Number of protein chains: 2
Amino acid sequence: MTDRRTAILEAAARTIARRGVRGLRTEELATEAGVSTALVYYHFKDRAGILRHTLEFITHRAKQHSLAPQGTDDPLDPRELLAMALQLEFQDLPEVRENTTAWGELRASAIFEPDLREVLATASAAWVRHVAGLLTLARPTASTAELAASAERLTALREGLDARRLSGVLRPDHARELLGEAIEVELAHLTAHARP
Amino acid sequence: MTDRRTAILEAAARTIARRGVRGLRTEELATEAGVSTALVYYHFKDRAGILRHTLEFITHRAKQHSLAPQGTDDPLDPRELLAMALQLEFQDLPEVRENTTAWGELRASAIFEPDLREVLATASAAWVRHVAGLLTLARPTASTAELAASAERLTALREGLDARRLSGVLRPDHARELLGEAIEVELAHLTAHARP
DNA sequence: GTCTATAACGGGATAGAC
DNA sequence: GTCTATCCCGTTATAGAC
């Protein structure tokens with residue numbers, strides 16, 4: 001909220017979450033941010049620049065949310081930490097929901113816009129490591145490779161469930177339930193494959 | 001190839017797979033199909049109509065591929081049937097790859113275009129039932145609810161992996177490997193939860 | 001059913017002042 | 001850094017002939 005540049009990025013995340021990347025209009029974005037379209041181009045050069053910086057912005061914001069989730073005074077056990085990290089989007093915080101929707105949109109856009117791929121790959125790798133770390137707390141005896149594979153499956157599953165939920169294929173509570181079960185299934189798998 | 005209408009739909013699937021929904025231009029589509037833009041609008045009314053009918057078209061085409069996969073003379077065991085159904089996109093058939101990419105694009109579009117949701121939901125439900133049927137062959141003693149949940153998780157995971165692979169986050173062979181392991185993990189889970 | 005030609009418009013991007 | 005005003009191009013969609 002301090003500088004205009006940040007206000008534009010916040011507005012971009014909101015607008016992409018509301019209209020999608022295809023529905024993003026520079027003018028609507030500018031109005032939403034309370035600035036002129038010219039200023040948007042001054043800060044971000046062109047449409048591709050807007051998308052790239054917005055992806056960086058929501059990545060940064062998501063990191064803060066997952067490191068300091070709201071409403072957690074008591075220490076949690078590893079399984080709860082994992083569930084919270086993966087089911088973050090079911091919190092009521094608007095920014096969190098925006099992040100989920102915008103992330104899905106920008107990831108889908110990256111298929112046809114190579115500019116976004118690098119940022120996306122870096123952010124994804126960091127996220128998967130984060131989840132692998134939480135899994136390690138829950139299953140310290142599992143092999144590193146199995147922990148990494150479980151983290152990648154849970155991440156991809158979460159994204160797939162988000163996409164299905166947002167497109168109306170899956171009901172929100174059902175998506176959440178399926179993800180919760182998947183965590184249990186993966187934890188059971190890691191127990192069965194503990195390192196000797 | 002027989003009628004022009006079908007040629008347009010085939011061209012639409014190809015073009016969406018190549019350029020995405022956002023990159024779909026009526027004129028490029030018409031050229032690809034070897035017809036005029038006016039004819040496209042004559043058959044499908046408007047842009048939304050093109051998208052909706054293309055979604056129906058690839059759904060229909062995918063059904064045929066999964067019911068009669070190529071290169072399968074010998075009977076397969078249930079586990080192999082499952083792997084083939086879920087990893088269909090790793091076949092070399094161009095139409096199959098087109099279907100996967102276009103499906104992801106159209107599902108993502110459905111988040112902001114309610115017109116697509118009904119077709120999408122129907123197709124998804126049929127697909128999940130198909131996978132649940134294959135799982136039943138492999139684990140006849142598992143409960144119906146657990147079989148359905150596994151089918152939904154594997155479907156969402158496959159779509160999530162596809163999205164990550166297509167956006168360059170995951171290498172193709174790695175995506176395939178993760179899906180193969182997931183099948184094993186779910187089968188083990190269903191064994192552990194067999195109906196008494 | 002299918003074409004050619006074109007209307008109509010949305011929206012990305014910039015010039016230039018302050 | 002920020003605005004107002006505007007250009008101009010690409011794209012959707014249609015009119016009308018065959």
Side-chain angles (χ1 to χ4, degrees), chain A residues 1-57 102 105-106 108-116 119, chain B residues 1-57 102 105-106 108-116 119:
Chain A
M1 198 80 117
T2 52
D3 61 318
R4 302 242 206 239
R5 195 190 150 91
T6 306
I8 295 171
L9 290 173
E10 286 169 349
R14 264 197 309 280
T15 310
I16 289 176
R18 194 186 324 123
R19 307 256 188 246
V21 167
R22 182 173 212 278
L24 179 68
R25 306 281 168 251
T26 325
E27 195 172 352
E28 184 181 0
L29 161 57
T31 304
E32 177 86 22
V35 301
S36 67
T37 66
L39 191 63
V40 174
Y41 286 100
Y42 171 78
H43 279 299
F44 303 109
K45 185 168 186 296
D46 57 14
R47 195 188 153 83
I50 298 171
L51 296 183
R52 208 182 63 252
H53 284 94
T54 304
L55 178 55
E56 283 167 354
F57 174 75
E105 276 293 303
L106 289 164
S109 303
I111 300 180
F112 304 100
E113 306 202 24
D115 279 14
L116 296 175
V119 183
Chain B
M1 204 72 120
T2 52
D3 60 319
R4 303 242 205 239
R5 195 188 149 92
T6 306
I8 294 171
L9 290 173
E10 286 170 348
R14 263 197 309 279
T15 310
I16 290 176
R18 195 186 323 123
R19 307 257 188 244
V21 166
R22 180 171 212 279
L24 178 68
R25 306 282 169 249
T26 324
E27 194 171 354
E28 185 182 359
L29 161 56
T31 304
E32 177 86 23
V35 302
S36 66
T37 66
L39 191 64
V40 175
Y41 285 100
Y42 170 79
H43 279 298
F44 303 109
K45 186 170 186 295
D46 56 15
R47 197 189 150 84
I50 298 171
L51 297 183
R52 208 181 62 253
H53 284 95
T54 305
L55 178 55
E56 284 166 356
F57 174 75
E105 276 292 304
L106 289 164
S109 303
I111 299 180
F112 305 99
E113 306 202 24
D115 279 14
L116 296 175
V119 183

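Letters go in sequence order (proteins before strands), and every chain restarts at 1. The shown structure was predicted, so the numbers you read here are calculated from the model rather than taken from an experiment.
Scanning for salt bridge (charged side-chain N to carboxylate O under 4.0 Å, His left out) contacts around Arg5(B) gives an empty result, with sequence neighbours left out. Arg25(A) meets the salt bridge (charged side-chain N to carboxylate O under 4.0 Å, His left out) test with no other residue; sequence neighbours excluded. Qualifying salt bridge (charged side-chain N to carboxylate O under 4.0 Å, His left out) partners for Glu113(B), counting only residues two or more places apart in sequence or in other chains: none. Contacts of Glu28(B) classified as salt bridge (charged side-chain N to carboxylate O under 4.0 Å, His left out), with partners at least two apart in sequence or in another chain: Arg18(B), Arg19(B). Residues passing the ring pair (Phe, Tyr, Trp, His ring centres under 6.0 Å) test with Phe44(B), sequence neighbours excluded: His53(B).
Rounded to whole Å, the distance from CD on Glu113(A) to C1' on dG12(C) is 14 Å. Regarding Glu27(A), its CD atom lies at a distance of 17 Å from the P atom of dC9(C), rounded to whole Å. For Tyr41(A) and dA13(C), the OH to P distance is 4 Å, given to the nearest whole Å. For Arg47(A) and dA13(C), the CZ to P distance is 8 Å, given to the nearest whole Å. Atom CG of Leu51(B) and atom P of dA13(D) are 10 Å apart (whole Å). Arg25(B) places its CZ atom 12 Å from the P atom of dA13(D), with the value rounded to the nearest Å. Between the CZ atom of Phe44(A) and the C1' atom of dG1(D) there is a distance of 13 Å, given to the nearest Å.
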Give each protein N/O atom lying under 3.5 Å from an N/O atom of nucleotides 2-5 of chain D, with the pair distance.
unit_1 : atom_1 : unit_2   : atom_2 : d
dT2(D) : OP1    : Arg4(A)  : NE     : 3.2
dT2(D) : OP2    : His43(A) : NE2    : 3.2
dC3(D) : OP2    : Ser36(A) : N      : 3.0
dC3(D) : OP2    : Ser36(A) : OG     : 3.1

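Taking side-chain N and O atoms only, Thr26(B) has no distance below 4.0 Å to OP1 or OP2 of dT11(D).
Taking each heavy atom of Arg52(B) and Asp115(B) in turn, the nearest pair found is CD-O, 3.7 Å.
When heavy atoms are screened at a 4.0 angstrom cut-off, Ile50(A) is found touching no nucleic acid atom at all.
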